[in-house]
Amino acid sequence: MSGQAIEIGLETVFPDDPIDVLIIGAGIVALAAAQKLQAAGRQVALLERGGVAAATSSGNAGALAFSDILPLATSGKIARVPRWLMDPLGPLSIPPGYALRIAPWLLRFWRAGWADRIASSIAAQVAMMGLAEAEMDRMIAESGLGDLIHPDGSLELYESEAEFQDSLPGWTQRTKAGIAFEHVRGAAMADLQPGLSPQFIAGTFVPGWRNVSDPFIFATRLAADVEGRGGIFLQGEASQVFPQESGARVVLTDGRILAAKQVVVAAGAWSRRLTDLLGDYLPLETERGYNTTLPLGSFDLRRQLIFGAHGFVISRLTTGLRVGGAVELGGLDRPPNFKRSAAMLKKAMGFLPGLSAEGGVQWMGFRPSMPDSLPVIGPSRASPHIVYAFGHGHLGLTQSAGTGRLVADLLNGQPPAIDPAPFRPSRFR
Ligand SMILES: Cc1cc2nc3c(=O)[nH]c(=O)nc-3n(C[C@H](O)[C@H](O)[C@H](O)COP(=O)(O)OP(=O)(O)OC[C@H]3O[C@@H](n4cnc5c(N)ncnc54)[C@H](O)[C@@H]3O)c2cc1C
């Protein structure tokens with residue numbers, strides 16, 4: 001396989017010289033997998049139907065949130081669900097037409113929050129986060145991305161003593177995982193972020209939290225590095241993956257066929273369209289998220305602020321201030337409801353009274369989410385040559401490099417860097 005971009009015609013490409021590893025998708029997970037495979041000596045091609053990192057990986061909050069080790073379905077969050085659902089523009093919404101369709105996923109989500117599941121889920125997430133951080137640092141160094149990383153820490157904010165007390169069990173879990181943090185009040189809190197509304201009575205500072213300067217810039221710089229090392233970017237949409245005796249073939253929607261020795265499905269929230277056809281029925285749904293990016297100078301933001309009770313954050317990017325989050329369990333086809341972006345911005349104006357809300361750009365992205373808050377990383381039941389890497393939910397940027405490392409280990413037949421069992425696709429059978 002040559003290292004330069006190629007024109008693909010209407011027949012099997014590389015019929016006698018299959019692609020070494022073909023990755024479906026070019027979001028942050030696919031790009032990190034490509035980088036890690038290249039570092040392990042493999043040649044890669046990425047098949048993307050849109051632009052590089054143009055989907056969910058372009059507009060997220062840019063956090064490397066290695067301290068986010070708790071599953072979403074913790075008792076604290078589940079308790080808030082009824083109140084959240086009452087507000088049609090609140091932190092969690094389910095369009096009425098989608099409620100029945102997503103009911104089985106919600107049932108699994110609720111089950112994942114039971115005490116017997118929480119401990120193993122946290123253990124898996126702690127292992128993944130340890131790997132993710134180490135592999136992210138390695139990728140940043142190898143791909144020359146250090147100038148895009150901002151070690152500002154994060155500040156989570158609470159409006160009442162009860163809310164602060166409710167957060168404490170989660171912080172105890174982080175202590176056990178060796179994550180440093182500091183609860184702050186009064187002047188210490190104001191020093192970390194001047195200009196906060198007095199409604200916030202306490203906060204928790206996580207000094208090890210880092211943000212990327214802008215997730216789209218981070219991903220496109222990584223893509224340029226992958227391309228510089230001989231990676232090939234192909235334009236096209238995969239419609240089906242067929243296992244072969246050695247390797248696999250990928251049929252595109254325009255009829256072209258790509259032959260590869262190994263295939264990685266890293267198509268984010270759209271991966272299920274391919275995995276169902278391979279006989280892996282995985283409960284992948286999308287948690288649609290919204291935000292508004294305000295121009296630089298809209299507020300003197302010192303670090304990422306987290307408003308857990310309201311389900312959104314404000315991130316400090318070099319390209320602006322990003323206000324957003326929320327979860328809309330509404331599937332892949334419904335048009336966006338940007339009233340959600342506006343609702344979070346309105347709240348943010350109350351939380352930061354000096355915030356100028358002019359000139360914002362609204363965005364919606366499709367988080368690829370599994371009900372147990374763990375990604376899917378591992379081989380398809382159809383073939384060991386087809387490996388899945390998707391379902392990272394709120395943490396795809398954070399866990400991209402760790403996922404890439406596991407994918408490379410699995411495809412190269414190396415002992416995996418961490419136990420991949422909690423992430424195996426077959427866990428839902
Ligand atoms: C509001 C919001 C804030 C977030 N904040 C953070 C954060 O701060 N930190 C963090 O770690 N995560 C965050 N996330 C989550 C993170 O953005 C996602 O987990 C991550 O982007 C998923 O990456 P991905 O590569 O799996 O998917 P995507 O970025 O969606 O990439 C999938 C790609 O596959 C392509 N594709 C799909 N189907 C096909 C096909 N059949 N053929 C060819 N190409 C195909 C798509 O075009 C797309 O480019 C946030 C998400 C949202 C919505």
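Whatever order the structure lists ligands and atoms in, that order sets their numbers, starting from 1. Residue indices begin at 1 and follow the sequence shown.
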Counting both backbone and side chain atoms, is some N or O of Asn291 under 3.5 Å from an N or O of ligand 1?
no
Determine the interplanar angle of the Tyr290 and Phe338 rings, folded into 0 to 90°, and report it as parallel if under 30°, tilted if 30 to 60°, perpendicular if over 60°.
perpendicular
What protein heavy atom sits nearest atom 49 (O) of ligand 1, and how far away is it?
Glu48 OE1, 2.7 Å
With backbone taken as N, CA, C and O and side chain as the heavy atoms from C-beta onward, which portion of Ile24 lies under 4.0 Å from ligand 1: side chain, backbone, both, or neither?
side chain
Would you say Ala269 has any N or O atom under 3.5 Å from an N or O of ligand 1, going by distance alone?
no
Is a donor from one side chain sitting under 3.5 angstrom from an acceptor on the other, for Ser369 and Glu285?
no
When you measure from atom 51 (C) of ligand 1 to each heavy atom in His392, Arg367, Arg288, Met364, which option holds the nearest one?
Arg367
Residue, atom name and distance, where the atom is the protein heavy atom closest to atom 29 (O) of ligand 1
Ser57 OG, 2.5 Å
Cut-off 3.5 Å, side chains only: do Arg322 and Thr293 have a donor facing an acceptor?
yes
Residues Ser167 and Glu156: side-chain donor-acceptor under 3.5 angstrom
no
Pairing donors with acceptors under 3.5 angstrom, does anything connect the side chains of Arg49 and Thr253?
no
Taking 4.0 angstrom as the limit and counting only heavy atoms of Gly365, give me the atoms of ligand 1 inside it, by number and element.
53 (C)
Ligand 1 versus Pro368: contacting region, heavy-atom distance under 4.0 Å:
side chain
Is there a heavy atom of Gly62 sitting under 4.0 angstrom from any atom of ligand 1?
yes
Looking only at distance, does Glu237 have an N or O less than 3.5 Å from an N or O of ligand 1?
no
Hey, are Arg316 and Asn211 close enough side-chain-wise for a donor-acceptor pair under 3.5 Å?
no
Compute the shortest N/O to N/O distance between Gly51 and ligand 1 and return yes if it is under 3.5 Å, no if not.
no
Output the list of atoms in ligand 1 that are nearer than 4.0 Å to some heavy atom of Thr398, sorted by atom number.
9 (N), 10 (C), 11 (O)
If we only count N/O pairs under 3.5 Å, is His394 in contact with ligand 1?
yes
Please test Ile149 against Ile140 for side chain to side chain contact (heavy atoms under 4.5 Å, CB included), starting from the C-alpha separation and ending with a verdict.
CA-CA 9 Å; Ile149 305 300; Ile140 288 166; 3.6 Å; yes
Using a 3.5 Å cut-off on N or O atoms only, is Leu397 in polar contact with ligand 1?
yes
Below the 3.5 angstrom mark, is there an N/O of Ala61, backbone or side chain, next to an N/O of ligand 1?
yes
Between Asp225 and Arg229, is there a side-chain N and carboxylate O pair less than 4.0 Å apart?
yes
Tell me the nearest of Ile28, Leu47, Asn60 to atom 50 (C) of ligand 1, using heavy-atom distances.
Asn60
Under 3.5 Å, is there a donor-acceptor pair between the His150 and Gln304 side chains?
no
Check: Phe366 N/O within less than 3.5 Å of ligand 1 N/O
no
I'd like to know if Gly236 contacts ligand 1, where contact means a heavy-atom distance under 4.0 Å to any ligand atom.
yes
Is any side-chain heavy atom of Ile28 less than 4.5 Å from a side-chain heavy atom of Leu222?
yes
Glu287-ligand 1 polar pair, N/O distance under 3.5 Å
no
Taking 4.0 angstrom as the limit and counting only heavy atoms of Ala63, give me the atoms of ligand 1 inside it, by number and element.
7 (C), 8 (O), 9 (N), 10 (C), 11 (O)
Trp105 six-ring face occupied by Arg108 cation (under 6.0 Å, within 45°):
no
Taking only non-hydrogen atoms of Ala55 and a 4.0 Å limit, the atoms of ligand 1 in range are 30 (O), 48 (C), 49 (O)
Considering heavy atoms of the protein only, find what lies nearest to atom 41 (N) of ligand 1 and give residue, atom and distance to 0.1 Å.
Ala238 O, 2.9 Å
Crowding at CZ, Arg101 (>12 non-hydrogen neighbours, <6.0 Å)
no
Any atoms of ligand 1 less than 4.0 Å from a non-hydrogen atom of Leu395? List them with their elements.
10 (C), 11 (O), 12 (N)
Please report whether ligand 1 has a polar contact with Val29, defined as an N or O pair separated by less than 3.5 Å (distance criterion only).
yes
So, using salt bridge (charged side-chain N to carboxylate O under 4.0 Å, His left out) as the criterion, who are the partners of Arg138 when residues are at least two apart?
Glu135
Protein residue, atom and distance nearest to atom 44 (N) of ligand 1, heavy-atom basis:
Arg49 N, 3.3 Å
Mind checking what makes salt bridge (charged side-chain N to carboxylate O under 4.0 Å, His left out) contact with Arg424, not counting sequence neighbours?
none
